[in-house]
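Here is the naming used below: chain letters follow the sequence lines, and residue numbers restart at 1 for every chain.
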Amino acid sequence: MRDKLLEIYDKLFERYSNQYWWPAATKEEVVIGAVLTQNTSWANVEKAVENLKQQGVCSFEGIYKINIEQLKIYIKPAGFFNQKAEYLKNTAKFFLENGSINGLKKRDTKILREKLLKIKGVGKETADSILLYALDKPVFVVDAYTKRLIERHNLSKNTDYDSIQRLFEENLKKDTALFNEFHALIVKNAKEFCTKKPRCNGCPLEGV
DNA sequence: CACCAGGAATGTA
DNA sequence: TACATTCATGGT
């Protein structure tokens, strides 16, 4: 399985090269984007983030202090704005009360993940995205694209979140840079060949 | 018009 | 545990 996963990685990297994720100016913006992108296209997230930047509140302090009704207006393009405004408030509060980015980076990964999952609005994928892309922890992020990849190539019997995550983490070296690039490449490839028509034609993973 | 996008919480059986 | 429903905007 290790060779299979590395074959997929190599073919994706050969096609697309470095993706330089997460696309954000600061680590705090990574966390904010991770919440905003829940079941939402990245283009819409960018509009919401741009609004927050123009208002000078694209930070934990900014999110924490701003009036929630005003926050809803700024993040409106990202959808689910009633929920996400509350989720962003919860997340900003958590970081401000627990040492923020640099303070939390020193903590144990497993403990950190459990604490992140207690935040209302932060599920497994969002927690893992924060761990990997904001806190530089070697955690593999599983999203809908990753699940579809595993299913279509029949790489695992169990396709629940934890099973797929273990598949990657137990077969690859726990390397932050590798997990960062691998997930980004999966998303890049899926956007190009799994949604647009015709599907799969010319996909670097044909026959893998 | 339908469908979905870098999910999560909540409710039901 | 395993599904179903709800949340909402904007592009294709």
Novice: Under 4.0 Å, counting only non-hydrogen atoms across every strand here, what does A:Val122 touch: a base, just sugar-phosphate, or nothing?
Specialist: sugar-phosphate

Novice: How is A:Lys76 classified with respect to the nucleic acid when contacts are heavy atoms under 4.0 Å: base, sugar-phosphate, or nothing?
Specialist: sugar-phosphate

Novice: How is A:Gln83 classified with respect to the nucleic acid when contacts are heavy atoms under 4.0 Å: base, sugar-phosphate, or nothing?
Specialist: base

Novice: May I ask you to say whether A:Asp162 pairs ionically with A:Lys124, meaning some side-chain N is under 4.0 Å from a carboxylate O?
Specialist: yes

Novice: Are any of the side-chain nitrogens in A:Asp136 or A:Lys27 under 4.0 Å away from the carboxylate oxygens of its partner?
Specialist: yes

Novice: Can you check side-chain hydrogen bond (donor to acceptor under 3.5 Å, both in side chains) on A:Asp143 and A:Tyr161, steps first, answer last?
Specialist: CA-CA 8 Å; A:Asp143 65 348; A:Tyr161 191 99; over 6 Å; no

Novice: Using a cut-off of strictly less than 4.0 Å, decide whether A:Lys84 has a side-chain nitrogen or oxygen near OP1 or OP2 of B:dG7.
Specialist: no

Novice: Expressed as a whole number of Å, how far does the P atom of B:dA8 sit from that of C:dG10?
Specialist: 22 Å

Novice: Rounded to the Å, how far apart are A:Glu125 CD and B:dA9 C1'?
Specialist: 15 Å

Novice: Side-chain N or O of A:Asn82 less than 4.0 angstrom from OP1 or OP2 on C:dA8?
Specialist: yes

Novice: Specify the separation, in whole Å, of atom CG of A:Asn39 and atom C1' of B:dA9.
Specialist: 13 Å

Novice: Name the nucleic acid region contacted by A:Leu117, choosing base, sugar-phosphate or nothing; use a 4.0 angstrom heavy-atom cut-off, strictly under.
Specialist: nothing

Novice: Is the side chain of A:Lys65 donor-acceptor paired with the backbone N or O of A:Val57 at a distance under 3.5 Å, no angle test?
Specialist: no

Novice: Could you check which of C:dC7, B:dA5, B:dT10 has an atom nearest any side-chain atom of A:Arg148?
Specialist: B:dA5

Novice: With respect to the phosphate group of B:dA8, does any side-chain polar atom (N or O) of A:Thr126 fall under 4.0 Å of OP1 or OP2?
Specialist: yes

Novice: Nearest whole Å is fine: how far is C:dG10 C1' from A:Leu36 CG?
Specialist: 15 Å

Novice: Can you measure A:Lys188 atom NZ to B:dA5 atom P for me and round it to whole angstrom units?
Specialist: 17 Å

Novice: What is the distance, to the nearest angstrom, from the NE2 atom on A:His183 to the C1' atom on B:dG7?
Specialist: 12 Å

Novice: Would you say the side-chain atoms of A:Asn90 pair up with the backbone N or O of A:Lys120, donor to acceptor, closer than 3.5 Å?
Specialist: yes

Novice: Rounded to the nearest angstrom, tell me the gap between atom CZ in A:Phe80 and atom P in B:dT10.
Specialist: 15 Å

Novice: Report yes if the distance between the aromatic ring centroids of A:Trp21 and A:Trp42 is under 6.0 Å, otherwise no.
Specialist: no

Novice: Could you pick out which residue, A:Ile119 or A:Tyr133, lies toward the 5' side of DNA chain B when each is mapped onto its nearest nucleotide?
Specialist: A:Tyr133

Novice: Using heavy-atom distances to pick each residue's nearest nucleotide on DNA chain C, tell me which of A:Thr40 and A:Lys47 is more 5'.
Specialist: A:Thr40

Novice: Can you measure A:Asp160 atom CG to B:dA8 atom P for me and round it to whole angstrom units?
Specialist: 14 Å

Novice: Could you check which of B:dA5, C:dA8, B:dA8 has an atom nearest any side-chain atom of A:Gln38?
Specialist: B:dA8

Novice: A:Phe193 CZ to B:dC4 C1': how many Å, rounded?
Specialist: 19 Å

Novice: Give the nucleotide from the list B:dA9, C:dG10, C:dA8 with an atom nearest to the side chain of A:Asn44.
Specialist: C:dG10

